Amino acid sequence: METKADNMLGVQVTKFAVFNETEENYHRSVHISIVHWMSSHIVILILLLLMIVWFWFFGDRDDLAYTLAQVNKKQSTNESGHSVHAHETQKDFKHTHSQTGYRKASVYTSNEMVQTENVDGDNNVEIRTFDECLDIFKTQKSAEQLNDNEVLMLVKSNHIKPYMLEKCVNNPERGVGLRRKIIATQSNLTEALIELPYIGYDYSKVLGTNCENVIGYVAVPVGVAGPLLVDDAFYQVPMATTEGCLVASTNRGCRALTICGGVITKVVDDGMTRGPVVRFSSVTTASEAKMWMDNPEKFKIIKSAFDSTSRFARLTKLLVRIAGRYLFIRFTASTGDAMGMNMLSKGTEKSLKIIGGYFPDMEVLSLSGNFCSDKKPAAVNWIEGRGKYVVSEAIVPSKIVTEVLKTTVAALVDVNISKNLMGSAIAGSIGGNNAHAANIVTAVYIATGQDPAQNVASSNCMTLMEACGEDLYVSCTMPSVEIGTVGGGTSLPGQSACLEMLGVRGANSQTPGANAKRLARILCATVLAGELSLMSALTAGHLVKSHMIHNRSAPSIQNLESEPSESNRQFTNCVS
Ligand SMILES: CC(C)(COP(=O)([O-])OP(=O)([O-])OC[C@H]1O[C@@H](n2cnc3c(N)ncnc32)[C@H](O)[C@@H]1OP(=O)([O-])[O-])[C@@H](O)C(=O)NCCC(=O)NCCSC(=O)C[C@@](C)(O)CC(=O)[O-]
Ligand SMILES: NC(=O)C1=CN([C@@H]2O[C@H](COP(=O)(O)OP(=O)(O)OC[C@H]3O[C@@H](n4cnc5c(N)ncnc54)[C@H](OP(=O)(O)O)[C@@H]3O)[C@@H](O)[C@H]2O)C=CC1
């Protein structure tokens, strides 16, 4: 018979309860167990030391730092009953390996990312008096020398605005961490924030450019579609998405297009727009002002004011519409490599001041009067264009249509007419004569730091398919691609890496605007790839099957269903 008992060291001591066992025998068995326990731990320690030495010389030290931090964390969790102060641990990572702060952040477990477990600050750190802290803050004009508790005290007393924390402590990441503590306490969000990472991001690039009141960042997976042959150059196109199947599909389109000799693209027009609304005292002065602005000589006066606001923005056109005593003036300008919305706003404001000098009764109601039209569905962008006006085309041999796309030329042409032309007409669509241009536009926009809200007009697209002998002629026309390689989110670390992949990062020093145009061409060619693949899947009846495989096999989704359907089970089994 055998029983087990736990001793104080946590070692399980096996005690043989024999009826005639003596006290001495029992003590001997305890000693033997302790010696066994110690020797096995010594062996583990030696192995650990050998691993450290190996990693130090041959391995990725960053991973080693991570492993050691895990061990430390476990120890301190055991000792204190709660997790270690993650901030310190992760700060060490950043110093160990400059590039890894960013990389490691994505593999932190929930507990390592949490900055809110001690929401009132560090209780072990001494706090100076309120007056002392305020005096330091005021004389140094900075809260850098104050500890977290002291900074939080000044926030509570309204001496530091929570949205100014980064500036006040002169440390963007510390500022973000402090803000998380504040909102965790105020709004009881400690648990909610656990899985929102914030460590290891270069917030110095964000401040004043991309986001305010920052509490972290959301990671989006980036897939790659390619190689795609566009105008005799090969590209690997980054796509940030959470829609399983989208990258696979675009990749299939890229494969078909690249085998068949690639895509030809052209940018046929280029001009970002801003359309203010102004009001006059009567239709008489409003119409006089319209005629004045339509006069090419007067246009020169407006242009000179507009162009003075930027080294790159150049006014090319004015489109003036009258509605009673209101005028809607659509300013169009080329904007170099920038998408150009800030530039257009700046130039338009200056121009309106000049126009106001000639028409004193003109009242500027709003710098944006929705005639631009930015981030809203509008026919004006479809008809007049906005940003880059791009077209792409390819001829796909019938053999590739059959072998790579698993369909036929006739079926594609047929479904393109009934779905993308007739179906969109029936739906009353404007700019939506396509299958899923928005899918590709949005994924590339998120990856490359474009303004994702501009997927509205940027996704305007007409997909055309025709039989060309036995082969397929396919084209995409996109009149309003709002895109840039400088400004906005394009200089953030991950986003600029994606632009670099395409060879279009930043400003083109020789020909300003060439990088943005190239990016627009690559986008239009990638849309063509996406259109080709989805249209093929639809004609072949493969849409649902492929989404069950690529879009629904994560365990998290399966757990949502108590009883998986027969088809789900079938496809999940297929994948595993
Ligand atoms: C999923 C496929 C591509 C399978 O398509 P398939 O032909 O069965 O795949 P395959 O295994 O024969 O591979 C063919 C090629 O596809 C690519 N490919 C294949 N698998 C992968 C993968 N895992 N990762 C990367 N690339 C992949 C790859 O290029 C591969 O070539 P290979 O390199 O093997 O020689 C196909 O069924 C498909 O394209 N389905 C359509 C899915 C789609 O386009 N979804 C988009 C979203 S739908 C939507 O949101 C819009 C909608 C539908 O509502 C709009 C509307 O109203 O129309
Ligand atoms: N204000 C608004 O109405 C709206 C703003 N936005 C936001 O606007 C931002 C984008 O504005 P945008 O005007 O594109 O960018 P920016 O505001 O960043 O302006 C671009 C800056 O880059 C400079 N620059 C340097 N090299 C070049 C080059 N080769 N080509 C063009 N510019 C160059 C420009 O110089 P210079 O100073 O000489 O012009 C300018 O200062 C995004 O964050 C977007 O989300 C979006 C919609 C509306």
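Computed from a prediction, not measured in an experiment: that's the story for all the values here. Start at 1 and go down the list; that is how both ligands and their atoms are numbered.
- Among Val486, Asn342, Thr490, Ile483, the residue whose heavy atom lies closest to atom 7 (C) of ligand 2 is Asn342.
- Interface atoms of ligand 2 facing Ser310, defined by a heavy-atom separation under 4.0 Å, are 36 (P), 38 (O), 39 (O).
- Set against the non-hydrogen atoms of Ala507, the atoms of ligand 2 under 4.0 Å away are 26 (N), 29 (N).
- Which parts of ligand 2 touch Arg274 is read off a 4.0 Å heavy-atom cut-off, strictly below it: atoms 2 (C), 3 (O), 48 (C).
- At least one heavy atom of Ser345 sits less than 4.0 Å from an atom of ligand 2.
- Heavy-atom proximity to Asp451, at under 4.0 Å, picks out these atoms of ligand 2: 44 (C), 45 (O), 46 (C).
- Contacts between Ala338 and ligand 2, counted as non-hydrogen atom pairs separated by less than 4.0 Å, involve both the backbone and the side chain.
- Using a 30° and 60° split on the angle between ring planes, Tyr201 and Tyr203 fall in the tilted class, from 30° to 60°.
- Smallest separation of non-hydrogen atoms from Met478 and Cys524: SD-SG, 3.7 Å.
- In this structure, Lys303 places its NZ atom where more than 12 heavy-atom neighbours from other residues, nucleotides or ligands lie under 6.0 Å away.
- If you number the atoms of ligand 2 from 1 as listed, the ones under 4.0 Å from a heavy atom of Asp374 come out as 47 (C), 48 (C).
- For the ligand labelled ligand 2, residue Ala313 lies outside the 4.0 Å heavy-atom shell.
- Listed by atom number, the atoms of ligand 2 under 4.0 Å from Gly487 heavy atoms are 15 (O), 18 (O).
- Atom numbering of ligand 2 starts at 1 in the shown order; those under 4.0 Å from a heavy atom of Thr335 are 30 (N), 31 (C).
- Protein heavy atoms come within 4.0 Å of atom 27 (C) of ligand 2.
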